[in-house]
Amino acid sequence: MQGGGCFILVAFACLALASHNSFVSANNNNNNNNNNNNNDMGTIRTKDFCVKTNGSDGVFLKEGKYCKDPLIVTVNDFSGNGHDGTRTTVNVDRIPGLNTLEISMIFDASVPAGGGDPPHSHPDAAQILLMLSGSHLIGFITSHPNNTLYTKNLTAGDVFVVPKGCVHFTYNNGNVPARYLLIFSDEDPRRIEIPSTLFGAKPSIPTSVLSRSFANIIPLRILLALIKFFASLVN
């Protein structure tokens, strides 16, 4: 029994030593790989953020975008002033730290009565509108072939969600200026305005294409007037 016990102890000792050497070897390999990666990239990567950069001080890619070297990131990359007249815009151009975080916002402090946004869409962002004061008519249209219109009159405290990519609009149908907050699911949402896109394209969409598209909807003379009007706006 004593010989068997010694054998078992020796076996355990050998296994422990082998495991230790294997762990040390693997750890060293990981450290070497990390060091190589850090040397290649110039710094340590972080999963917490990817501050927007022009590429000259970018050290790695996240979601296809260059990220600023975390060693030179400062608190100023996460703060800023987006105020511009009556509108405050907070996006990745104003705050580089928003890069890849898929969120931005607009605070509109004064939309005059009768004002609002024409039909437009955001191909890469859904949005939430929080009505702060006044009133607004807002609506969105679903995709083809249903083309269903969903509209609602909003007053202070109301919230409305617009799905990503859907054409939508806002209109201050009250008698006083309105205020609202918009939140987008993208750090820099693109905007496509339907009227100016169709009638103000550069170069222009052929009149024959537009007239066929709007046949039995818009008389040709009005269609031509629209094309001329929007062309004057973009030129």
**Study point:** Within-4.5 Å side-chain heavy-atom neighbours: I194 and F169
**Key:** no
**Study point:** Heavy-atom pair with the smallest gap, counting every atom of P189 and F184
**Key:** CG-CG, 3.8 Å
Review point. When rounded to the nearest 0.5 angstrom, what distance separates CG in L198 from CG in L210?
Key: 7.0 Å
Point to revise | Heavy-atom closest pair, residues C166 and T142 | key: SG-CA, 4.4 Å
Practice item. Kindly give the heavy-atom pair with the smallest separation between N172 and P112, and that separation in Å. Key: ND2-O, 3.2 Å
Practice item. Following the transitive rule for hydrophobic clusters with a side-chain heavy-atom cut-off under 4.5 Å over Ile, Leu, Val, Met, Phe, Trp and Tyr, establish whether L223 and I217 coincide in one cluster. Key: yes
Study note, to complete from the structure: One should read off an interatomic distance between Y180 OH and T170 OG1, to the nearest 0.5 angstrom, of 4.5 Å
Point to revise | Ring geometry between F49 and F78 (parallel below 30°, tilted from 30 to 60°, perpendicular above 60°) | key: perpendicular
Practice item. Check whether more than 12 heavy atoms from other residues, nucleotides or ligands sit under 6.0 Å from atom OH of Y150, and answer yes or no. Key: no
Check your understanding: Hey, are R191 and D117 close enough for a salt bridge, meaning a charged N less than 4.0 Å from a carboxylate O?
Key -> yes
Practice item. Determine, using the 4.5 Å side-chain heavy-atom cutoff (strictly less than), whether I138 and M105 are members of one ILVMFWY cluster. Key: no
Practice item. To the nearest 0.5 Å, tell me how far D108 CG sits from T88 OG1. Key: 8.5 Å
Check your understanding: Roughly how far, to the nearest 0.5 Å, is the CD atom of E193 from the OG atom of S121?
Key -> 10.0 Å
Review point. Are the side chain of T197 and the backbone of I192 linked by a donor-acceptor contact shorter than 3.5 Å?
Key: no
Point to revise | H168 side chain vs H120 backbone, donor-acceptor pair below 3.5 Å | key: yes
Review point. With a 4.0 Å cut-off, would you call D93 and K52 a salt bridge?
Key: yes
Practice item. For residues R190 and H122, determine if any side-chain heavy atom of one lies less than 4.5 Å from a side-chain heavy atom of the other. Key: no
Practice item. Name all residues meeting the ring pair (Phe, Tyr, Trp, His ring centres under 6.0 Å) criterion together with F199; count only those two or more places apart in sequence or in a different chain, and write none if there are none. Key: F214, F230
Study note, to complete from the structure: In this structure, CG of N146 is separated from OG1 of T148 (nearest 0.5 Å) by 4.5 Å
Review point. Under a single-linkage definition using a 4.5 Å side-chain heavy-atom cutoff for Ile, Leu, Val, Met, Phe, Trp and Tyr, are L129 and V111 assigned to the same hydrophobic cluster?
Key: yes
Point to revise | D158 (side chain) donor-acceptor with T155 (main chain) under 3.5 angstrom | key: yes
**Study point:** CD1-OG distance between I205 and S213, expressed to the nearest 0.5 angstrom
**Key:** 8.0 Å
Point to revise | Non-hydrogen side-chain atoms of V162 and Q127 separated by less than 4.5 Å | key: yes
Check your understanding: Can you name the closest pair of heavy atoms from A113 and N175 and give their distance?
Key -> CB-C, 3.9 Å
Point to revise | Shared hydrophobic cluster, V209 / L224 (ILVMFWY, side-chain heavy atoms < 4.5 Å) | key: yes
Point to revise | For D186, salt bridge (charged side-chain N to carboxylate O under 4.0 Å, His left out) partners two or more places apart | key: none
Review point. Taking all non-hydrogen atoms of both residues, which atom of A178 and which atom of M131 are closest, and how far apart?
Key: CB-CE, 3.6 Å
Review point. Does some side-chain heavy atom of V159 sit less than 4.5 Å from a side-chain heavy atom of L130?
Key: yes
Study note, to complete from the structure: Closest heavy-atom pair, V90 versus S104, reported as atoms and distance to 0.1 Å, is O-CB, 3.1 Å
**Study point:** Main-chain N/O of D188 paired with N91 side-chain donor or acceptor, under 3.5 Å
**Key:** no
Exercise for review: Decide whether V161 and L182 are clustered together by the hydrophobic rule: side chain heavy atoms of Ile, Leu, Val, Met, Phe, Trp, Tyr closer than 4.5 Å, transitively.
Suggested key: no
